[in-house]
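Have a look at the structure below, then the notes.
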Amino acid sequence: MSDDMSTDSVRALMEDQLRLSQRLRARVAELEDERHAPVAVVGMGLRLPPAINTPQEYWEFLCGTDTALAGVPEDRPGLRAAYDPTPGRSGRSYVRHAGFLGEIARFDADFFGISQREARLLDPQQRMLLETSWEALERAGVAVRRADRLDVGIYLGVMTSEYSERNEDRSDLSRIDPYYVTGGGLSFGAGRVSHLLGFSGPVMGVETACSSSMTTLHLAVRGLRNRECHYALAGGANLLLSATLMVALCQTRALSPDGRSKSFLASADGYGRGEGVGVVALMRLDDAEREGRPVLAVIRGSAVNHDGAASGLTAPNGPAQQEVIRAALADARIGPEDVGFVEAHGTGTVLGDPIEIGALDGVLGKAVRGRGTPLSIGSVKSRLGHLEGASGIASVMKTVLMLRHGVIPAAASPDDGELNPHIPWDRLRFTVPRENRSWPAELPRRVAGVNSFGMSGVNVHAVLEAYEPTAPAVDAHGAPGLELLTLSAKDPEALARLADQVAGHLEQTDAASVPAVCHTLRAGRAPFAHRVAVTGATAGDLADALRTALTTGRPAAGSGARSAPPRSVTLAVHGEQDRLEPALAALTAAFPALAGGHGGEGAGERLRDLLERFGLRVRQTSAAVARPAGSTAALASVEWEAADGRQSIPLAGERAETAPDLLRAALGALFTAGADLRLDALRGPGTRFADDLPTYPFRGKRYWIDEPVGTGGAAGPPEGAPALPLDQDSLIGYLLAQLQEVLQADEIDPELSFLDVGGDSFISTLFITRVEEHFDVGLTADQLSLDMPLRDLMGKLAESISATTGTGRRGQNA
């Protein structure tokens, strides 16, 4: 072998090794980026005291000066009775003020398909978690169809469940119901959300005391980074429904006598309790940007640890808190010099505040002093109260709003007095703002930390940053012509209310935002039975069309009138297919998402393919069909069977430029008729989902168990059954009445199915058991089809009773 050949071989080997090394380094960097992938906050749902139900209301509250402090509501007699102003009294609470929610008994059970019986026994925390989870996803533009089994992970923190105590009486166990466990167990809130909304991702109920909901945030971020789910809901709930924990906390002197957390103040004398529920919808940032979701803020990193062998289980541990803050910054890959604000735990306790500030100083202090710009700190507990299991998520939502608006709200009022003298403020470059202020312009990034620790010893820290799009902004616009706006609800009253709210929103909407509003309502909302669809060129036109449709009653019901929705449509082509080519070109130019398809097919086949992209099943007819009435220039139309006969609407005309508007009108008519459409393809280039639209207007009814005031006897025997033989209709009526009583419903519609009226395995067992107290039933619960109308179901059951019992009643006097 020559020297040249040897040299060439070595050079080739070295080049191969270099390329391999470069690929390995690139792969390592890729895996490292995955491990630290940023997570977007894309939606929020909340119920905060005293009556804060939207992000905008929360922001207005934060920028104001009010607190949520209020007296114990009338419907909490146990808390009221336990009050005694003298601290230390055995079995008594010296606190009578807290951050109470204004209304916790109301719930839209019908919307979620829950029976009145179950709704009454459900912990109100679970009810509000259902509603806020739905709202968070709607604000993110995620349409929840149960059949889709969306890949959503549920991570919910609940510290206590006191509602079920109202059924606990050891001398009378008749109040214990099948829903006693599922209605109050801490793990069932998360499971119920996933079950009722039809999700497929991981489900976790978390309880780490006051850091519970921050722990859920950490777990959700890890789940998204590991691709265990595509979307995640993280949050928590806290209600004060029993005197038990209030008395216990008073016995430890943990609570402030006046019920307020005085975070970082010299007057700090314990924490004040509060109620609230909050949920944030999360996605990986790259997924959120690709799908056009609203990115409210970015979670850069988080960490969790435990105090370990501290001075006491419930005592905060400064070194452990330093460790978790450092770990969160490392996970975020952000330096301490970039942090401009920390939403502290800030309970307002003599022990906790100095330890927490010391931990923040230990990690951030040197960098803050070096940069010269002070670090602002605050705690929303001084305004809302300490929401315990939900406190962390309230802090996260506050921080998201601050980052988005670029404003740091006041953390204390000028009337709050001096700061805590046990904290060396003169040495620290930390400040507790006494007025609202802009984010420091000197800081190149808008970064904030959220700190949390619990009595369980679990510490959590998260690092968030304001969202800065990586790609240049695109001039969002819809396709030329009219916009299609669709709305739906589960009943006419809710639809009317939603339409009125959306019309009001449109009247305040600028022209550039109209495509985002319409896209969100079309593609980011689940379709329900009662529907309306309108078209318009401007926000004002759409608002007027909505109000006109509601005033004239057109068309508010669609498939809600129980007419069969169109499962398929007929594509009718009138004349020569090649005349459709200009219309097809206009459609694909107006809606780029419709471009492509089967270019080799004829115009009719391509038009059918286009329609099928909206979720329609299409049959094509011959060219020799009559044109729709009043549409002599139509080249193509869609037809379907409706309750009042065959409907037909033009799809393409002689003027090609009208095709986009004709398509919108046809889709609007089909939507109103009850078709299950997928309208994402109408999205214009650069159009994103809007996060500030009205969400579903839940129509709550009161479901409440009063606190027991004495011991009652066991329930009496069930009422007697009618004597047999009975005619079929009378027996069906009796069975329907028994089901209505088991459901604890005001009335039930016999045309609905068992599942539609809130039936489940518990209800079916209770119902069959009740019937079997009087009759022999030849069928078991699992042999009955739960999808058929109740009238048919009860008819089948009545036939079984008659065939099995003959004349009878199991022992005529049973």
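Residue pairs satisfying the ring pair (Phe, Tyr, Trp, His ring centres under 6.0 Å) criterion with at least one member in residues 319-369, sequence neighbours excluded, are listed as follows: H345-H386, H345-F453. Within the structure, the side chain to side chain donor-acceptor pair (under 3.5 Å) test picks out no pair touching residues 373-384 (sequence neighbours left out).
Within 6.0 Å of CD on E435 lie no more than 12 heavy atoms contributed by other residues, nucleotides or ligands.
Residues that satisfy the salt bridge (Lys or Arg N to Asp or Glu O under 4.0 Å) test with D361, not counting sequence neighbours, are R369, R427. Among residues two or more places apart in sequence or in another chain, the side chain to side chain contact (heavy atoms under 4.5 Å, CB included) test is passed with A40 by V42, L285, A288, V295. Here R76 pairs with E275 under the salt bridge (Lys or Arg N to Asp or Glu O under 4.0 Å) rule; sequence neighbours left out. R300 meets the side chain to side chain donor-acceptor pair (under 3.5 Å) test with E465; sequence neighbours excluded. Annotation: side chain to side chain donor-acceptor pair (under 3.5 Å) contacts of Y467 (sequence neighbours excluded): E289. With sequence neighbours left out, the side chain to side chain contact (heavy atoms under 4.5 Å, CB included) criterion links V247 to A82, S93, A243, Q251. Contacts of P87 classified as side chain to side chain contact (heavy atoms under 4.5 Å, CB included), with partners at least two apart in sequence or in another chain: Y94, R253. Residues passing the ring-ring contact (aromatic ring centres under 6.0 Å, His included) test with W425: none are found, sequence neighbours excluded. Applying the side chain to side chain donor-acceptor pair (under 3.5 Å) rule to N420 yields no partners; only residues at least two apart in sequence or on another chain are considered. For N305, the side chain to side chain contact (heavy atoms under 4.5 Å, CB included) partners at least two apart in sequence or on another chain are A320, E323, V324, N459.
Not a single donor-acceptor pair under 3.5 Å links the side chain of S194 to the backbone N or O of A190. Proximity of a side-chain donor or acceptor of R293 to a complementary backbone N or O of A140 within less than 3.5 Å is detected. Under the 3.5 Å distance criterion, the side-chain polar atoms of R429 are left unmatched by any main-chain donor or acceptor of A367. Judged by distance alone, the side chain of R47 and the main-chain N or O of G276 form no donor-acceptor pair under 3.5 Å. Side chain of R260 to main chain of G272: no donor-acceptor pair is present (N/O by atom type, distance under 3.5 Å, no hydrogens or angles).
Considering only heavy atoms from C-beta on, F430 stays 4.5 Å or farther from L419 through its side chain. Looking only at side-chain heavy atoms (C-beta outward), W439 and H405 stay at 4.5 Å or farther from each other. For the pair V280 and M397, the minimum side-chain heavy-atom distance is below 4.5 Å. Looking only at side-chain heavy atoms (C-beta outward), R192 and L122 come within less than 4.5 Å of each other. The shortest distance between side-chain heavy atoms of L265 and E418 does not fall below 4.5 Å. The shortest side-chain heavy-atom distance between M44 and L401 falls under the 4.5 Å cut-off. Residues L233 and V152 meet the side-chain proximity criterion, which asks for heavy atoms closer than 4.5 Å. Looking at heavy atoms from C-beta onward, I408 lies in side-chain contact with P440 at the 4.5 angstrom threshold.
Judged purely by distance below 3.5 Å, without hydrogens or angles, the side chains of T208 and T215 pair a donor atom with an acceptor atom.
Among L282, T216, V221, the single residue meeting the side chain to side chain contact (heavy atoms under 4.5 Å, CB included) criterion with Y155 is T216.
With rounding to the nearest 0.5 Å, the separation of CZ in R326 from CG in L364 is 9.0 Å. Taking CD from E707 and CG from D75, the interatomic distance works out to 8.5 Å, rounded to the nearest 0.5 Å. The CH2 atom of W59 lies 9.0 Å from the NZ atom of K398; values are rounded to the nearest 0.5 Å. Distance check: L464 CG to I299 CD1 gives 5.0 Å after rounding to the nearest 0.5 Å.
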Side chain to side chain donor-acceptor pair (under 3.5 Å) between S256 and D258, worked out:
CA-CA 5 Å; S256 170; D258 65 5; 2.6 Å; yes
I would like to know whether W134 and T695 meet side chain to side chain contact (heavy atoms under 4.5 Å, CB included); could you show each step before the answer?
CA-CA 9 Å; W134 184 272; T695 54; 5.9 Å; no
As a quick check of understanding, evaluate salt bridge (Lys or Arg N to Asp or Glu O under 4.0 Å) for R222 and E228, giving each step before the final call.
CA-CA 9 Å; R222 291 299 185 272; E228 296 170 3; over 6 Å; no
Do N451 and E343 pass the side chain to side chain donor-acceptor pair (under 3.5 Å) test, and can you show the C-alpha distance, the side-chain angles, and the key distance before you say yes or no?
CA-CA 6 Å; N451 203 43; E343 174 66 10; over 6 Å; no
Please assess S242 against T244 for the test side chain to side chain donor-acceptor pair (under 3.5 Å), listing each intermediate value before the final yes or no.
CA-CA 5 Å; S242 166; T244 305; 3.0 Å; yes
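The two residues D331 and R35 make their nearest non-hydrogen contact at OD1-O, 4.1 Å.
Between K262 and D269 there is a salt bridge, since at least one side-chain N of the basic residue sits less than 4.0 Å from a carboxylate O of the acidic one. Using a 4.0 Å cut-off between charged nitrogen and carboxylate oxygen, R80 and E74 count as a salt-bridge pair.
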